[in-house]
Protein chains: 2
Amino acid sequence: MKIDGRPHRTIWRDGDGRVAIIDQTRLPHRFETVVLEDVAAAAHAIAAMLVRGAPLIGATAAYGMALAMRDDPSDAALAAARARLMATRPTAVNLRWALDDMTQRLAALAPDRRAPAAFARAAAVCDEDVAINTAIGEHGLALVRQAPEARGDTVNILTHCNAGWLATVDMGTATAPIYLAHDAGIPVHVWVDETRPRNQGAALTAWELGRHGVPHTVIVDNAGGHLMQHGRVDLCFVGTDRTTATGDVCNKIGTYLKALAAHDNGVPFYVCLPSPTIDWSLRDGADIPIEERAGEEVSHVTGLTEDGELARVLLPPQASPVANPAFDVTPARLVSGLITERGIAPATAEGLAALFPEHARAA
Amino acid sequence: MKIDGRPHRTIWRDGDGRVAIIDQTRLPHRFETVVLEDVAAAAHAIAAMLVRGAPLIGATAAYGMALAMRDDPSDAALAAARARLMATRPTAVNLRWALDDMTQRLAALAPDRRAPAAFARAAAVCDEDVAINTAIGEHGLALVRQAPEARGDTVNILTHCNAGWLATVDMGTATAPIYLAHDAGIPVHVWVDETRPRNQGAALTAWELGRHGVPHTVIVDNAGGHLMQHGRVDLCFVGTDRTTATGDVCNKIGTYLKALAAHDNGVPFYVCLPSPTIDWSLRDGADIPIEERAGEEVSHVTGLTEDGELARVLLPPQASPVANPAFDVTPARLVSGLITERGIAPATAEGLAALFPEHARAA
């Protein structure tokens with residue numbers, strides 16, 4: 001999407017062919033790009049969340065494999081690169097998908113052909129992601145157009161965390177319908193959940209919507225239920241890190257609470273997901289392992305001081321223990337539909353199987 | 001309750017008879033007390049939230065009236081003090097209750113008798129609050145004892161915001177059962193919701209529980225639903241700023257989301273309230289005016305830097321608009337019971353009327 005009028009992606013090859021990313025840990029107050037010099041840098045970028053979001057993690061992992069092959073195209077290096085990248089984030093199913101895809105293709109080639117094939121495949125992974133997100137956006141756009149408020153009034157859409165273009169290669173998943181609606185001239189306004197503890201909503205979603213020119217308002221995670229009670233939310237669009245074959249949705253912690261409120265107030269709650277995010281091996285969301293992240297993500301907050309410096313401050317008493325479960329699971333019964341690149345499926349095993357019969361058969 | 005072993009209240013008269021409070025805006029990183037020199041200082045303490053929590057606001061307003069009478073016991077000064085204090089916080093029903101009570105008593109007296117009577121009445125308001133909270137604590141303690149986990153295991157209690165002793169004169173409302181259980185040797189552990197935007201959970205509840213020695217863990221507001229899904233919450237105790245005669249509960253923004261999650265997971269959700277918090281004139285929570293507070297409470301966070309200084313940092317992009325509804329309303333249907341000083345009422349008009357027939361008749 002656009003940054004101040006200029007189209008951008010989250011991962012790209014620069015004029016010298018080097019792989020570059022936006023350091024998302026510095027947003028929204030600093031816009032800095034980083035060159036990934038080798039597979040170690042790619043693994044670090046994923047683990048330290050310079051890049052985040054399931055699709056962008058997958059794309060970065062694909063380029064990480066390509067960088068590894070450029071430096072050493074041996075079978076041993078291929079296996080080591082896969083293992084190193086796989087260990088960075090346990091919850092992201094796209095990571096496994098991208099690494100398995102790359103490994104399978106590259107293992108079949110002679111070592112001297114692996115590096116160029118890997119770079120070509122990584123570029124294709126990126127282009128496929130954009131194509132998938134655009135298709136998700138078009139299916140979601142139909143829902144925005146159907147909202148009664150679209151006839152003359154503003155359509156108010158709530159989103160949680162960042163399933164925006166910054167979480168993908170471009171377009172985003174939950175934001176794809178929003179960008180398409182905005183660019184088509186439909187008046188949309190986005191309620192942006194701050195998304196504690198890492199504040200991806202306040203820091204990333206607000207930044208990317210603002211830079212593209214989409215009207216939005218930042219709210220604390222506590223506020224969404226109240227807004228829904230008062231008819232101020234017309235639609236919810238969220239992303240997912242992993243969705244089961246039965247439609248249970250694992251996403252950023254707090255998504256479940258918003259789904260409960262949407263259900264209680266008759267607000268449609270849609271999950272936007274590229275099909276690689278579906279884990280066909282799982283039938284129950286309760287089986288998804290939930291990443292417990294460092295407590296300092298909760299206890300410490302980074303922001304901009306009045307002097308324009310980035311500073312990190314402690315909120316609770318130094319002595320108080322902190323817990324930090326990073327994701328939760330929204331049961332399928334609370335989900336109005338799953339917006340995939342092939343269309344909108346009911347959040348049921350049958351609904352997903354009808355859209356993806358090849359996977360449903362394999363499972 | 002105790003601060004490092006020494007009993008304390010939130011408002012008191014010092015050795016020289018001056019009215020003193022804890023500056024709660026400086027907690028948890030600084031413990032500072034402030035002397036209220038006059039009614040203007042009392043109004044400022046309420047408006048700027050040096051004191052907060054419905055019962056403590058009422059007690060501070062009562063002392064504010066006493067300070068006004070000390071300086072000028074005329075009818076005009078009485079009316080002016082009432083108006084000035086009334087304007088500080090629109091949502092708190094205890095504020096109106098305390099001011100009406102003081103005004104009625106003082107107007108009936110000759111001016112030269114007003115100041116001593118006002119100080120005596122303010123002290124009585126404080127003692128009554130402690131007695132009410134102790135009674136709430138005893139009724140709530142019975143629920144903690146009944147929890148299956150109380151037989152040998154730890155009872156896990158979730159609370160939102162600060163309805164602790166810092167929100168009252170002493171004991172707290174939602175914390176009263178917790179302190180009584182802890183002091184009685186029942187193993188309790190408290191999940192402390194951070195409570196964005198003002199972080200009263202992280203800053204105040206965690207501080208007071210820690211200083212009294214109660215085991216607790218700070219979590220982001222997004223986490224409670226996930227913990228309930230996994231059986232890690234046995235009971236919820238929250239406070240309220242205003243409850244209708246029908247049992248709809250107005251409390252800190254986000255309470256409604258926790259009540260939805262508790263209901264969805266079969267976790268008992270209790271509201272602890274002194275009866276002055278009940279607004280007998282209201283039959284529908286939707287009629288409660290919701291205070292919209294300054295956006296900078298959302299956009300800026302204050303905490304402790306690594307250098308040990310208090311610093312305020314900006315989270316979202318400077319250009320992003322922010323909204324800050326401060327309260328929400330939890331419908332009575334989601335409330336397991338209302339714990340009052342007279343016992344536990346079902347959250348219904350009939351339930352409250354049975355415990356408080358004198359008010360129900362008057363309404």
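Quick caveat, the model's predicted, so the values are computed rather than measured. Each chain gets a letter, A, B and so on, in the order its sequence line appears, and its residues count up from 1.
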*Asks:* Pick from A/Gly201, A/Ala203, A/Ala223: which one has the most heavy-atom pairs with chain B under 4.5 Å?
*Replies:* A/Ala223
*Asks:* Given heavy-atom pairs under 4.5 angstrom as the criterion, report whether the side chain, backbone, both or neither of B/His29 touches chain A.
*Replies:* side chain
*Asks:* With chain B, which of A/Leu315, A/Thr305, A/Ile219, A/Val301 has the greatest number of heavy-atom pairs at distances under 4.5 Å?
*Replies:* A/Leu315
*Asks:* Tell me, out of A/Thr217, A/Asp328, A/Leu209, who's got the most heavy-atom pairs with chain B below 4.5 Å.
*Replies:* A/Thr217
*Asks:* Is A/Arg89 close to A/Met49 at the side-chain level, that is, under 4.5 Å between some pair of heavy atoms?
*Replies:* yes
*Asks:* Is B/Ala319 in contact with chain A via its backbone, its side chain, both, or neither, using a 4.5 Å heavy-atom distance?
*Replies:* neither
*Asks:* Salt bridge (Lys or Arg N to Asp or Glu O under 4.0 Å) for B/Asp221 and B/Arg196? Distances and angles first, verdict last.
*Replies:* CA-CA 7 Å; B/Asp221 302 302; B/Arg196 292 281 295 141; over 6 Å; no
*Asks:* Quick check for you: among A/Leu304, A/Asn222, A/Thr255, which has the greatest number of heavy-atom pairs under 4.5 Å with chain B?
*Replies:* A/Asn222
*Asks:* Most heavy-atom pairs under 4.5 angstrom with chain A, which of B/Val329, B/Thr302, B/Leu257, B/Asn324?
*Replies:* B/Leu257
*Asks:* Cation over ring, A/Lys258 on A/Phe269, under 6.0 Å and within 45°?
*Replies:* no
*Asks:* Would A/Tyr179 and A/His212 count as a close aromatic pair, with their ring centres under 6.0 Å?
*Replies:* yes
*Asks:* Is B/Glu309 in contact with chain A via its backbone, its side chain, both, or neither, using a 4.5 Å heavy-atom distance?
*Replies:* neither
*Asks:* If I measure from the heavy atoms of chain A, does B/Arg333 come under 4.5 Å with its side chain, its backbone, both, or neither?
*Replies:* side chain
*Asks:* At a 4.5 Å cut-off on heavy atoms, which part of B/Asn199 comes close to chain A: side chain, backbone, both, or neither?
*Replies:* side chain
*Asks:* Can you check whether B/Met228 reaches B/Cys236 side chain to side chain, under 4.5 Å on heavy atoms?
*Replies:* yes
*Asks:* Are side-chain heavy atoms of B/Leu334 and B/Leu260 found at a separation under 4.5 Å?
*Replies:* yes
*Asks:* Set out, in order, the CA-CA distance, both residues' side-chain angles and the distance that settles side chain to side chain contact (heavy atoms under 4.5 Å, CB included) for A/Thr244 and A/Asp284, then state yes or no.
*Replies:* CA-CA 6 Å; A/Thr244 67; A/Asp284 186 344; 6.0 Å; no
*Asks:* Quick check on A/Pro321 against chain B: is it the side chain, the backbone, both or neither that has a heavy atom closer than 4.5 Å?
*Replies:* both
*Asks:* Which answer fits A/Pro197, side chain, backbone, both or neither, if we ask what part of it has an atom under 4.5 Å from a heavy atom of chain B?
*Replies:* both
*Asks:* Going by atom types only, do B/His160 and B/Asp193 share a side-chain donor-acceptor pair under 3.5 Å?
*Replies:* yes
